[in-house]
Amino acid sequence: MLDIRLIRKEPEMVSQALVTRGENPDLIKEVLRLDEKYRGLESESEKLRADVKRLSKEFAKTKDEAIAKKSKALGEKETQLEAEATAAKKARDDLLLATPNIPSSDCPAGESHEENAKAEGLDLEIEPLEFNKNKFAPHQQVPHFEFAEEMGILDMKRAVKIAGPMFGMFRAEGAKLANALIQYGLAYNRDLYEEIRPPSLVKTETLTATGHLPKFAEDAYSLEDGKLWAIPTGEVPLTYLMADEIIEVEKLPMRLMAYTPCYRREAGSAGQQTRGMLRVHEFDKVEILAYVAPEQAQELHMELLNRAAGLVHSLGLTHRITDICTGDLGNSSARTFDVEVYAPGEDRWLECSSVSWFTDYQARRANIRYKNPETKKTEFIHTLNGSAVAVPRVWTALVETHRQADGSIQIPEPLQKYMDSETHIKPL
RNA sequence: GGAGAGGUGGCCGAGUCAGGUUGAAGGCGCUUCCCUGCUAAGGAAGUAAGGGUGGUAACACUCUUCGUGGGUUCAAAUCCCACCCUCUCCGCCA
C-alpha cells in the first residue's frame, strides 16, 4: 500500500511512476478525489461529535431536557455524516489496495519482459559465467521429460491421473533429489536465517498483506469460501509473521527462511510451454526473507541475490541475473532481480528466483514497524525476499545439466550428503 | 464438536453487577533528572496507538480506539445482540 500522505504531497510524481508500470494515469486523481471527500466529511462529523460530547457533559450537570434534545439532533446528523465518511474512506482504500508499488528510481524503464535488462554494476559475489551454448554436450541437450520418466525419477502421467493437468510428481531417486534440494537450500542459509515451518493455508488478511489480494485472487486457490487460501509462496506467511508488531531495532535485519509447498492456479497459462515440471500447480520451495530498517535494504537486497545465485552456482548450474523493468515488475515490488538457470535440454532459461525489494509497501499493509532511533518515531520497516530453491526448476536444470553420456545423472558434490553419499542417479 | 471462564495501555492488573469529571487506579518495565567513589538501593518527573486540522518545525487543538462489528442512550470499557480469539474440562484425532 502506498502512503496516502505521499500521494497528497506529490500526486504527479506518484502518478508518473505508476504509469511507467502500465497503470491508468487517472488512478491517482481518483484516489485524491475520494481522499478529499473523506477528509471533508470526517472533519465535519468530528466537529459534531465534539459538540455532542460537550452537551452530554452539560446535561449531566444541568439535567436540562432541551440540551438532551439538541444533542440528540446533532448526534443523528453526525451518525449520517460519519457513515458517508466511512464509505468514502473505504472506496479510497479499496483503490489504494489495488494500486501497485512505486518502482525504485534505478529500476530500468520498460513496458514488458522483453525490456528486462542484464543486471549491471551489482555487488555480486559470483559473476555469472559467459554463456556459451556450445559447451553443452549432446547428452545434456535432452529435455528432462524425454528421459526422466524412463529413469523412474519423474511421473507426470500418474500425477495427472491423481490431481489433473499441470501437476507433477517425483519418484524414487528423483524424489530423493527433490528433498535433497530442500535440505540443501535450508542448510545453505542456516548460518543467518532462522528456519520457520509456517502454515501453508492462510487467512485473507495474510494474502492481502503481501499484495496477492485483492487484485490477483484468480491466481490463488481458496478454501472455505475464501476464508482460507493456499499460499502461492512462503513469502506470504513469512511476511505476515510480524504483522501488527513493532520490531526492536536491534533485531533488524531480521532474516527468516521457510520450506513450504506453493500452490498456484496458473490461470491463463494454458497453451504456453508447460510441459514437464516447469509450470505446475503445486511445488516445493525454500524462501528467504528479511525485515530491515530502510537504510539496510540495499545491502540485504544484494545479500539475498547473492545467496539465491550462489546456491545454483554451487550446484554447477549456469545462471544469469536480469534486472526487471518497470513494466514487468511484480505488483508489490520496487525492484526485482531474477535469477535464471539454464536448462540445456530445452535450451531455455528458467526463472528460479525473484529477489525483490518491497520498500514499505507490504509492511504498511501488514502493519510491521520499528522504532527509528534517529526520529524516535514508529516507522514502517522494509521487506525483501527471494527464493533460495524453487525445487522443480532447479531439479530440471540439474538433471539436464548433469546428465552424463551413459544417461546417468551426476549428483553435485554439495548435494551428496543429503543423498546417502550417492554420486550418481543411474538409468534403469 | 459440547460445557464453563475470560479478552482493558509495552507487560501485569483494577474498573463492568449501581452508564457520566476514566484514555482509563495501582504495580512492573522504560526514559530523563537528583542522590551516591562505581554498581545496587532510594527520590522526582515523564511514558499508548492511530486519524484529522493548523504550523518549516518543536508543538497545539480535535476525534477514534478498553477483542471485532452492530444496537440502546443526551452520554457506553461499563447495558443488549452477533461474531472472533484465548484458557480449562469433556469428546474426537495424525
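Within every chain, numbering begins at 1; the chains are lettered A, B, ... in the order of the sequence lines, protein sequences first and strands thereafter.
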Under a 3.5 Å cut-off for both contacts, is [N] paired Watson-Crick or G-U wobble with anything, and if yes, with which nucleotide?
| N | answer |
| --- | --- |
| B/rC74 | B/rG20 |
| B/rA60 | B/rU53 |
| B/rA44 | B/rU32 |
| B/rG4 | B/rC87 |
| B/rU68 | B/rA82 |

Check the phosphate of [N] against [X], side-chain N and O only, distance under 4.0 Å to OP1 or OP2. Yes or no?
| X | N | result |
| --- | --- | --- |
| A/R39 | B/rU53 | yes |
| A/R369 | B/rG50 | yes |
| A/K53 | B/rU64 | yes |

Using a strict 4.0 Å threshold on nitrogen-to-oxygen distance, state whether [X] and [Y] make a salt bridge.
| X | Y | result |
| --- | --- | --- |
| A/E422 | A/K176 | yes |
| A/D191 | A/R307 | yes |
| A/R39 | A/D35 | yes |

Please give the distance between the [atom1] atoms of [N] and [M] as a whole number of Å.
| N | M | atom1 | value |
| --- | --- | --- | --- |
| B/rG29 | B/rG13 | C1' | 14 Å |
| B/rG20 | B/rA3 | P | 34 Å |
| B/rU8 | B/rU68 | P | 10 Å |
| B/rA76 | B/rG19 | P | 13 Å |
| B/rA57 | B/rA41 | C1' | 41 Å |
| B/rC12 | B/rC34 | P | 34 Å |

- Message: Just to be sure I understand the rule, does A/R5 reach a base, reach only the sugar-phosphate, or reach nothing, if contact means heavy atoms closer than 4.0 Å?
- Response: sugar-phosphate
- Task: Give the nucleotide from the list B/rC63, B/rA49, B/rC74 with an atom nearest to the side chain of A/R49.
- Result: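 Per side-chain heavy atoms of A/R49, the pick is B/rC63.
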For [X] and [Y], take the angle between the two ring planes, folded into 0 to 90°, and tell me which bin it lands in: parallel under 30, tilted 30 to 60, perpendicular over 60.
| X | Y | result |
| --- | --- | --- |
| A/H281 | A/F167 | tilted |
| A/H319 | A/H313 | perpendicular |
| A/W357 | A/H382 | tilted |
| A/W395 | A/H144 | perpendicular |

Atom pairs under 3.5 Å: protein N/O with N/O of nucleotides 18-21 of chain B:
from	atom 1	to	atom 2	distance (Å)
B/rG20	O6	A/K63	NZ	3.3
B/rG20	N2	A/S56	O	3.0

- Quick one: do the A/N367 and A/R365 side chains pair a donor with an acceptor below 3.5 Å?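 Their side chains do not contain a donor-acceptor pair, so the 3.5 Å distance test is not met.
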- Note on the structure: Judged by nearest nucleotide, the residue sitting upstream toward the 5' end of RNA chain B, A/K47 or A/K69, is A/K47
- Query: Taking the nucleotide of RNA chain B with the closest heavy atom to each, which residue, A/D51 or A/I4, is nearer the 5' end?
  - Reply: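 Result: A/I4.
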- Message: Taking donor-acceptor contacts at under 3.5 Å, does the side chain of A/E46 reach the base of B/rG51?
- Response: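 Side chain to base: pair present.
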- Query: When the distance from CG of A/D64 to P of B/rA75 is rounded to whole Å, what number comes out?
  - Reply: 16 Å
